[in-house]
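In what follows, chains carry the letters A, B, and so on, assigned in the order in which the sequence lines appear, proteins first and then strands, with residues in each chain numbered from 1.
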Protein chains: 2
Amino acid sequence: MLTDADTAAPAVTLELIAREAGVSPSTVSRILNGTAKVSADKRLAVEQTIARFNFQPNAMARSLAKGQTYTIGVLTQFIESPFYGEALRGIEDALRRTPYSPLFVSGHWNLAEEEAKMRLLQGRRVDGVIVLTGRLGDEQLLDYAQRLPIVVTGRQLSGPRLASVDVDDFEGAREATRHLIELGHTRIAFISGPADHPDANERLRGYRQAHADAGLALVPELVVPADFMETGGMLAIGQLLESRQNFTAVFAANDQMAYGARLALYRRNLRVPDDISLVGYDDLPNSTYLMPPLTTVRQPVYEIGRLAAQAMLKLIAGESAEIAAPPLELVVRESTRRVRH
Amino acid sequence: MLTDADTAAPAVTLELIAREAGVSPSTVSRILNGTAKVSADKRLAVEQTIARFNFQPNAMARSLAKGQTYTIGVLTQFIESPFYGEALRGIEDALRRTPYSPLFVSGHWNLAEEEAKMRLLQGRRVDGVIVLTGRLGDEQLLDYAQRLPIVVTGRQLSGPRLASVDVDDFEGAREATRHLIELGHTRIAFISGPADHPDANERLRGYRQAHADAGLALVPELVVPADFMETGGMLAIGQLLESRQNFTAVFAANDQMAYGARLALYRRNLRVPDDISLVGYDDLPNSTYLMPPLTTVRQPVYEIGRLAAQAMLKLIAGESAEIAAPPLELVVRESTRRVRH
DNA sequence: CTGTTAGCGCGTTCAC
DNA sequence: GTGAACGCGCTAACAG
């Protein structure tokens, strides 16, 4: 049986460093944390042996002792999501040059899984958690906030140790629809998101409101439900066409569905924007490169991530935090044009 | 002096649970870990009070005591990357239902930053780290592997506590180029990646080899360097057109550049595939929805992530691990066609 | 300025 | 089966 004796790497610890440098552990700790003044010579000796052993303090032990982990949990929905990915980047950027680092976990739009992940984060004693939308209830969030700072996106909620950022999807969808109406479109199809998704409903409301604003009648058959995915967008176009309702424009409740719709239209030999104008929602990085470049509503996701992280830092510091909702913006590119008569 | 008495949330710990349940801390621990048999009644009492207090053991303390953190560091390049995102998903999936969870950090293709992140992971005492390509040197990796298990992608390397997965980019690029040649193309432009990127060079080699295989002359002006980004692809098309060299096909060293190239071609009124055939590399999720759907070389990134995580689990268990490179696959869609005479 | 002492919340011997 | 005692590596409070 092989023993560890051969490779006997005697776990380089703070105590080892102290011994080697001829000082006490406290002194090493003080140097590491800048907690107190230390004479130049001892500091030098310590720093040298730290370098010599390539010592890196054990974050677990430090956390245990300090009651703080310097990690911020981030509950996203899909780690590979092009949409939330931008928010993660914003969070990373905001945390750079702070002692905190993010711990990303995915909830997959599944309540049970989100709860499990919150439990995991709780076990890891994160100093706070940023919840990127998802299905956790308001009361649950309020409850979590009793024990640690929470920042949540995609809804409005506030309280002690709780901040939120939300964008006005109703207004965004209304503006996108208005854009189409101003171009002369009167029969505008809407590809909707899942009915149990909060954002989806707000966008549908905006679509309807824009019609009301313009005194335009709503055609129920022109509103088709889908799932926020590309394939859903494809299917929706098929359904729309089969309904034999005329329409000159399509507003998809998110860009991914717009991508699918775009392809389905192409398959039916319908040109965009010559035959059909197409509008998306989100402005994913790829939308600039769609053919033609997609007109869409830009969600400032990166900015939201950044603001959420900054707010979290304030909450952790014991301050209160309000986050001003960054504005949505209609980005008019080339997938929309004036309706042909 | 004011005490915490008012808000006195007396930190629910294992000891608290033990006291409330009328047993010793050891017993609670045993139940938590299934370390030993415990009488049914005590077990019940403990489980109830755990539920009552919603107790979640402190992972830091546990790690300290056990010398294991049950977390696997994952060094990716950009957390928001659509390419590596698939690998992250594969890792998540492979780790589900194991006691391990991933800790994602980004290196941004920057050696210094990757080193800093490795240091961070070391401080967090992760049980192993999966390195998704990046710029760390082979010797560095071998060195890290002296202290903890390492799995690295994008290169071939092995040793104790070290495993790697790599795909054969040379072969992939060769096959893609051959596909074009078989369609009758003889003047094929190549949009290359950064010269200091290992994958980029392999793909260039494959492009060249395919020409040699077919006895086709290489036209130096037809190879233009870019940066693996969409804008690089756009710029490259501009440069190609200005060179006044004829070409009937474009092979972009990755899909992102193919997207940019697609748009640039559209701007110049060049049709794909009627005027120009276009091939990418990677098969990003979006490539199915490009107009027209992009012919590309599918990289099994999700699978790579999964295999990497599984290998890591074996390494942690003290076993050795070999990872069979999953095969690349040319996905022929609609952006390529037989050359017109 | 610096060393000593006492935990932080767990897992783990070792006795009972 | 079960409890008491010790230690994981570090920070903090207390003396000097």
Measuring from the side chain of A:Asn58 (C-beta onward, heavy atoms only), which nucleotide among D:dG9, C:dC10, D:dT2 has the closest atom? D:dG9

In this structure, how many angstroms lie between the C1' atom of C:dG3 and the CD1 atom of A:Ile17, rounded? 18 Å

When you measure from the side chain of A:Arg62, which nucleotide among D:dT11, D:dG3, C:dT12 comes out closest? D:dT11

Scan side-chain atoms only and decide if B:Gln140 and B:Glu115 contain a donor-acceptor pair under the 3.5 Å cut-off. yes

Rounded to whole angstroms, how far apart are CZ on B:Arg124 and P on D:dC8? 22 Å

Run the numbers on A:Thr133 and A:Tyr84 for side chain to side chain contact (heavy atoms under 4.5 Å, CB included), then give the verdict. CA-CA 10 Å; A:Thr133 314; A:Tyr84 289 110; 3.5 Å; yes

If only side-chain N and O atoms of A:Ser24 are considered, is one of them under 4.0 Å from the OP1 or OP2 phosphate oxygen of C:dG3? yes

Hey, which sits more toward the 5' end of DNA chain D by its nearest nucleotide, B:Val23 or B:Arg125? B:Val23

Whether the side chain of B:Arg89 engages the backbone of A:Glu80 through a donor-acceptor N/O pair (distance < 3.5 Å, no angle test) should be reported. no

From A:Leu121 atom CG to A:Ile72 atom CD1, the distance as rounded to the nearest 0.5 Å: 11.5 Å

Let me know the distance between OH of B:Tyr70 and C1' of D:dC8, rounded to the nearest Å. 15 Å

Residue closer to the 5' end of DNA chain C, B:Arg30 versus B:Gln56 (nearest nucleotide): B:Gln56

Tell me: CD1 of B:Ile31 to P of C:dC10, nearest whole Å? 14 Å

Choosing from D:dG3, C:dC10, D:dG9, which nucleotide comes nearest the side chain of B:Pro57? C:dC10

Quick one about B:Ser106 and A:Glu92 (side-chain donor to acceptor, distance below 3.5 Å, no hydrogens or angles considered), yes or no? yes

So that I can tick it off, tell me whether B:Glu114 and B:Lys117 are bridged by a salt bridge, with the cut-off set at under 4.0 angstrom between side-chain N and carboxylate O. no

Categorize B:Thr13 for me: base, sugar-phosphate, or nothing, with a 4.0 angstrom heavy-atom threshold over every strand shown. sugar-phosphate

For atom CD of A:Glu15 and atom P of D:dC10, their distance in whole Å: 9 Å

So, with a heavy-atom separation below 4.0 Å from DNA chain C, the residues of residues 32-55 of chain B are B:Asn33, B:Phe55

Would A:Phe104 and B:Phe104 count as a close aromatic pair, with their ring centres under 6.0 Å? no

Can you find a side chain N or O atom of A:Ser26 that sits less than 4.0 Å from OP1 or OP2 on C:dT4? no

Quick check on DNA chain D: between A:Lys66 and B:Leu64, whose nearest nucleotide comes earlier from the 5' end? B:Leu64

